[in-house]
Structure formats: structure tokens, C-alpha cells
Amino acid sequence: QVQLVESGGGLVQAGGSLRLSCAASGRTFSSNTMGWFRQAPGKEREFVAGISWSGSTKYYADSVKGRFTISRDNAKNTVYLQMNSLTPEDTAVYHCAREDTMVVHTTPGAYDYWGQGTQVTVSS
């Protein structure tokens, strides 16, 4: 069993920054791909960023490239999402998820464990 707990969300003005954290417990973390997804009201869950087990491979959605950075600390079983230059369009519930492969996929169906999510609200 794997437990994922997100933190770091909140209310921020447009142009501001937030850093999300996802703490993992349970089965091995360091050998798994991890991803961040988000879901806004009335919209489907969408891929934001993914990182391979070693941190050497990272993928980003086009909408966040150059503004968001995903990273991980395997010693702390934690994955991070640094979000800069936030816009109201970034408002959503952000979820971290684990993928039981060594490949970074961008589809939610490839991920088998999910956190409950943390709300990010960006005001204009």
C-alpha cells in the first residue's frame, strides 16, 4: 500500500509562487515515477508534470513549461512542484500520483496511487 499526502496549496495573487510537496509512505518510493496532475471545477484531470525515479527525466505540460519545476528527494520520500508566475488559469486541485513503471506517462490511467489533493487558488 502507498500513501501520498500533498501540502503547500493555498491562495495566492497572480504572479505569485507556491511550492507543493507530496510525501509518500508505504512501498518503495525511490524506484517509481511520480507525477503531478490538476483538476479544475468542471474540467477533466490534466497532466502537469512528471519525473522519473532518478530525477533525470522530467516532462511538463505546455501550459506550465518555464513556470513550474518538478523535483524529488528520494531520501525524504518527497516530490515537489515549484510553481512560479501563477495565473488564475492555474486554479485547481493539485494531486500527486505514483506510476509503477520507470517511464514518465502523461495520462492519469498510467498512475496507480493518488493523493487527496491540495487546493491552489490564484486571484487576479
Is a side-chain N or O of Thr121 found less than 3.5 angstrom from the main chain of Leu11, in a donor-acceptor match?
->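 Checked: no pair found.
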Answer yes or no: is there a donor N or O on one side and an acceptor on the other, between the side chain of Tyr60 and the main chain of Ile70, under 3.5 Å?
->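 Yes: the side chain of Tyr60 pairs with the backbone of Ile70.
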Can you name the residues that form a side-chain hydrogen bond (donor to acceptor under 3.5 Å, both in side chains) with [X], not counting sequence neighbours?
{"X": "Arg19", "result": "none"}
{"X": "Ser54", "result": "Ser56"}
{"X": "Ser124", "result": "none"}
{"X": "Gln116", "result": "none"}

So, taking the atom named [atom1] in [X] and the one named [atom2] in [Y], what distance separates them when rounded to the nearest 0.5 Å?
{"X": "Arg72", "Y": "Leu81", "atom1": "CZ", "atom2": "CG", "value": "13.5 Å"}
{"X": "His95", "Y": "Thr118", "atom1": "NE2", "atom2": "OG1", "value": "9.5 Å"}
{"X": "Arg67", "Y": "Ser85", "atom1": "CZ", "atom2": "OG", "value": "7.0 Å"}
{"X": "Ile51", "Y": "Thr33", "atom1": "CD1", "atom2": "OG1", "value": "9.0 Å"}

Taking atom NZ of Lys76 as the centre, report whether more than 12 heavy atoms of other residues, nucleotides or ligands fall under 6.0 Å from it.
->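 At most 12 heavy atoms, drawn from other residues, nucleotides or ligands, come within 6.0 Å of this atom.
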When hydrophobic residues are tied together by side-chain contacts of less than 4.5 Å, even through go-betweens, does [X] share a cluster with [Y]?
{"X": "Met34", "Y": "Val2", "result": "yes"}
{"X": "Val48", "Y": "Val122", "result": "yes"}
{"X": "Trp114", "Y": "Leu4", "result": "no"}
{"X": "Val64", "Y": "Leu20", "result": "yes"}
{"X": "Tyr111", "Y": "Val93", "result": "no"}

What pairs meet the disulfide (SG to SG under 2.5 Å) rule with one or both residues in [range], with sequence neighbours excluded?
{"range": "residues 69-124", "result": "Cys22-Cys96"}
{"range": "residues 40-79", "result": "none"}
{"range": "residues 44-83", "result": "none"}

Report all side-chain donor-acceptor pairs from residues 35-42 shorter than 3.5 Å, counting only partners two or more places apart or in another chain.
{"residue": "Trp36", "atom": "NE1", "partner": "Tyr80", "partner atom": "O", "Å": "3.4"}
{"residue": "Arg38", "atom": "NE", "partner": "Glu46", "partner atom": "OE2", "Å": "2.6"}
{"residue": "Arg38", "atom": "NH1", "partner": "Asp90", "partner atom": "OD1", "Å": "2.9"}
{"residue": "Arg38", "atom": "NH1", "partner": "Tyr94", "partner atom": "OH", "Å": "2.9"}
{"residue": "Arg38", "atom": "NH2", "partner": "Glu46", "partner atom": "OE2", "Å": "3.2"}
{"residue": "Arg38", "atom": "NH2", "partner": "Ser63", "partner atom": "OG", "Å": "3.4"}
{"residue": "Gln39", "atom": "OE1", "partner": "Arg45", "partner atom": "NE", "Å": "3.4"}
{"residue": "Gln39", "atom": "OE1", "partner": "Arg45", "partner atom": "NH2", "Å": "3.4"}
{"residue": "Gln39", "atom": "NE2", "partner": "Lys43", "partner atom": "O", "Å": "3.1"}

Closest non-hydrogen atom pair between Leu18 and Leu86, with its separation |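 Closest approach of Leu18 to Leu86, heavy atoms only: N-CD1, 3.9 Å.
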Shortest non-hydrogen contact from Thr106 toward Phe47 =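 For Thr106 versus Phe47, the nearest heavy atoms are O-CB, 3.2 Å.
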Looking at residues at least two apart in the chain, or sitting in another chain, which of them share a side chain to side chain contact (heavy atoms under 4.5 Å, CB included) with Thr101?
->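 For Thr101 the side chain to side chain contact (heavy atoms under 4.5 Å, CB included) partners, ignoring immediate neighbours, are Glu99, Val103, His105.
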Sequence neighbours excluded, which residues qualify as side chain to side chain contact (heavy atoms under 4.5 Å, CB included) partners of Ser17?
->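 Gln82, Asn84.
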Among side-chain atoms of [X] and [Y], is any donor-acceptor pair under 3.5 angstrom?
{"X": "Gln1", "Y": "Tyr113", "result": "yes"}
{"X": "Ser25", "Y": "Gln3", "result": "yes"}
{"X": "Glu89", "Y": "Thr91", "result": "no"}

Report the residues that fulfil salt bridge (charged side-chain N to carboxylate O under 4.0 Å, His left out) with Asp112, sequence neighbours left out, ordered by chain and then residue number.
->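 Partners of Asp112 under the salt bridge (charged side-chain N to carboxylate O under 4.0 Å, His left out) test: Arg98.
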For Lys65, what residues pass the salt bridge (charged side-chain N to carboxylate O under 4.0 Å, His left out) criterion, not counting sequence neighbours?
->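 Here the qualifying residues are Asp62.
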